[in-house]
Amino acid sequence: MTQPVSPPRDTAGKTPPADRLPLWRVLPAHADVRTLSLLGVLAALVVIGGVTRPDEFLDTRNLQLVLTQASVIGVVTVGMTFVITSGGIDLSVGAIVALASVWATTVATQEYGFAGILFTAMIVGLGCGLVNGLLVAYGGMVPFIATLAMLASARGLALQITDGKTQIVTVDGILKLGERDSYVLGVPPLVLVFAIVTVVGWLVLNRTTFGRRTVAVGGNAEAARLAGIDVRRQRLYLYLLSGLCCGIAAFLLIVLSGSGQNTNGNLYELDAIAAAIIGGTLLSGGRGTITGSVLGVLIFTTITNIFALNNLQSDVQQIAKGAIIVAAVLVQRRTASTT
């Protein structure tokens, strides 16, 4: 009879804790059924795209386009995942992206070149995140109301700055990043930035005290406070993080489009929330997964690409996205009721 394989033990005969195991041995243990299901859905979409439009969908340039488009909303979704994990919500991310993109592409800002555009985009994102954090954490406002107010204000300010016109970027360093000559081993720079943000976000959420505090606040804010966590300060930091991700996404969007528009980031808040939810982040807080959120972004972006290649109407695409969101929420409720 085959004996079961015992887990690895240290020199004292005890099983090493998870944080002392190599990363390549920890990851499989965290690959739950939901993650595997998302990978299956993504693989199925790739097959569908390959069957319906084999010459176009599987073309290297199209796959690069899918990843590039996913990078912008993906960076926003990483920040959103942290906020939702803490039990909050941020409806202003799309408007912040728009405001940061137009503020960073004004004539005055472009005079400072590449660094000026990048710095401005990130500072505007952080500033908006600071306002959201102060209103929610120290002002006692409900996150839905506070971020809804920021959505309206940021959109209005973006429209005022541009006067409804598109601001064209003339900085060579920005324009060159969007060209194929800047690709690294066939990978667009925007995708590399997205990958870096994803890895950093995963490490922060799963391997740091900040991440554990975020989960604790989302699970039970009062218990977290009694445990010595400064809940208000933690929430402030989380909205700052979300604003920073919006600033980075705005810069990526500027590189991608070569312009700044007040309509940028339209419905990003809904896409980011949907991607996080179908990825396994609980809307009520207390559980979040960066890996699942990224897979959710890739699924939605792939669906959009397949619909575009097959000349299907956008309303059908929105219906499909809505069905996926409803199914994900029902799965969450079923999982919660059985645990």
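We count residues from 1, following the sequence as given. A quick note: this is a predicted structure, and the numbers were derived from the prediction, not measured.
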In the hydrophobic clustering (ILVMFWY, side-chain contacts below 4.5 Å, transitive), which residues join [X], or is it alone?
{"X": "Val102", "value": "Leu99, Trp103, Val124, Leu157, Ile161"}
{"X": "Ile229", "value": "Val217, Val231"}
{"X": "Val83", "value": "Val136, Tyr239"}

Using atom types as modelled and distance alone, determine if a side-chain donor or acceptor of [X] lies under 3.5 Å from a backbone N or O of [Y].
{"X": "Asn305", "Y": "Thr301", "answer": "no"}
{"X": "Asn310", "Y": "Ile306", "answer": "yes"}
{"X": "Ser293", "Y": "Thr289", "answer": "yes"}

Show every side chain to side chain donor-acceptor pair (under 3.5 Å) that has at least one partner inside [range], sequence neighbours left out.
{"range": "residues 132-148", "answer": "Ser92-Asn132"}
{"range": "residues 227-238", "answer": "Thr214-Gln234"}
{"range": "residues 168-179", "answer": "Gln110-Thr170"}

Under 4.5 Å between any side-chain heavy atoms of [X] and [Y], yes or no?
{"X": "Thr281", "Y": "Phe82", "answer": "no"}
{"X": "Thr77", "Y": "Ile73", "answer": "yes"}
{"X": "Leu58", "Y": "Asn62", "answer": "no"}
{"X": "Leu91", "Y": "Ile89", "answer": "yes"}
{"X": "Thr208", "Y": "Leu203", "answer": "no"}
{"X": "Pro189", "Y": "Leu177", "answer": "yes"}
{"X": "Ile278", "Y": "Phe300", "answer": "yes"}

Considering non-hydrogen atoms only, spot the tightest contact between [X] and [Y] and give its length.
{"X": "Leu205", "Y": "Gly288", "value": "CD2-O, 3.7 Å"}
{"X": "Val75", "Y": "Ala249", "value": "CG1-N, 4.2 Å"}
{"X": "Leu283", "Y": "Ile273", "value": "CD1-CG2, 4.5 Å"}
{"X": "Gly178", "Y": "Ser182", "value": "N-OG, 4.3 Å"}
{"X": "Val76", "Y": "Ala272", "value": "CG1-CB, 4.1 Å"}

Over 12 foreign heavy atoms within 6.0 Å of CZ, Arg180
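It does: Arg180 CZ has more than 12 such atoms within range.
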Side-chain donor-acceptor contacts of residues 139-146 below 3.5 Å, not counting sequence neighbours, with atom names and distances?
none

So how far is it from [X] [atom1] to [Y] [atom2], rounded to the nearest 0.5 Å?
{"X": "Leu148", "Y": "Asp90", "atom1": "CG", "atom2": "CG", "result": "11.0 Å"}
{"X": "Leu159", "Y": "Asn262", "atom1": "CG", "atom2": "CG", "result": "5.0 Å"}
{"X": "Leu252", "Y": "Gln69", "atom1": "CG", "atom2": "CD", "result": "13.0 Å"}
{"X": "Ile117", "Y": "Ile254", "atom1": "CD1", "atom2": "CD1", "result": "6.0 Å"}
{"X": "Glu269", "Y": "Cys246", "atom1": "CD", "atom2": "SG", "result": "9.5 Å"}
{"X": "Leu241", "Y": "Met80", "atom1": "CG", "atom2": "CE", "result": "11.5 Å"}

Apply side-chain contact (heavy atoms from CB on, under 4.5 Å) to residues Leu298 and Leu67 and explain how you reach the verdict.
CA-CA 8 Å; Leu298 292 175; Leu67 292 175; 4.1 Å; yes
Are [X] and [Y] in one and the same hydrophobic cluster, where Ile, Leu, Val, Met, Phe, Trp and Tyr link if side-chain heavy atoms are under 4.5 Å apart?
{"X": "Leu65", "Y": "Leu256", "result": "no"}
{"X": "Val66", "Y": "Ile48", "result": "no"}
{"X": "Leu190", "Y": "Val200", "result": "yes"}
{"X": "Phe307", "Y": "Leu270", "result": "no"}
{"X": "Val197", "Y": "Phe210", "result": "yes"}

With sequence neighbours excluded, what pairs up with Phe251 under the ring pair (Phe, Tyr, Trp, His ring centres under 6.0 Å) test?
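Testing Phe251 for ring pair (Phe, Tyr, Trp, His ring centres under 6.0 Å), a comparison that skips the adjacent residues, returns Phe114.
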Ring pair (Phe, Tyr, Trp, His ring centres under 6.0 Å) partners for Tyr183, two or more places apart
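For Tyr183 there are no ring pair (Phe, Tyr, Trp, His ring centres under 6.0 Å) partners, ignoring immediate neighbours.
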Any residue meeting side-chain hydrogen bond (donor to acceptor under 3.5 Å, both in side chains) with Thr106, in chain and number order, not counting sequence neighbours:
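For Thr106, the residues satisfying side-chain hydrogen bond (donor to acceptor under 3.5 Å, both in side chains) (neighbours in sequence not counted) are Thr109.
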Would you say the side chains of Thr166 and Ser259 form a donor-acceptor pair under 3.5 Å?
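Side chains of Thr166 and Ser259: no pair found under 3.5 Å.
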Evaluate the criterion side-chain contact (heavy atoms from CB on, under 4.5 Å) for residue pair Leu244 and Ile248; output intermediate values, then yes/no.
CA-CA 6 Å; Leu244 176 61; Ile248 296 173; 4.3 Å; yes
Test: salt bridge (charged side-chain N to carboxylate O under 4.0 Å, His left out). Region: residues 213-225. Which pairs qualify, not counting sequence neighbours?
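For residues 213-225, and leaving out neighbouring residues, the salt bridge (charged side-chain N to carboxylate O under 4.0 Å, His left out) pairs sorted by first residue read Glu222-Arg225.
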So Phe194 and Val72, side-chain contact (heavy atoms from CB on, under 4.5 Å) or not? Walk me through it.
CA-CA 8 Å; Phe194 177 36; Val72 180; over 6 Å; no
Kindly indicate, with the supporting measurements, whether the criterion side-chain contact (heavy atoms from CB on, under 4.5 Å) is fulfilled by Thr52 and Leu309.
CA-CA 9 Å; Thr52 57; Leu309 292 178; over 6 Å; no
Listed partners of Asn264 passing side-chain contact (heavy atoms from CB on, under 4.5 Å), at least two apart:
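Asn264 satisfies side-chain contact (heavy atoms from CB on, under 4.5 Å) with Ala98, Ser101, Leu253, Gln261 only.
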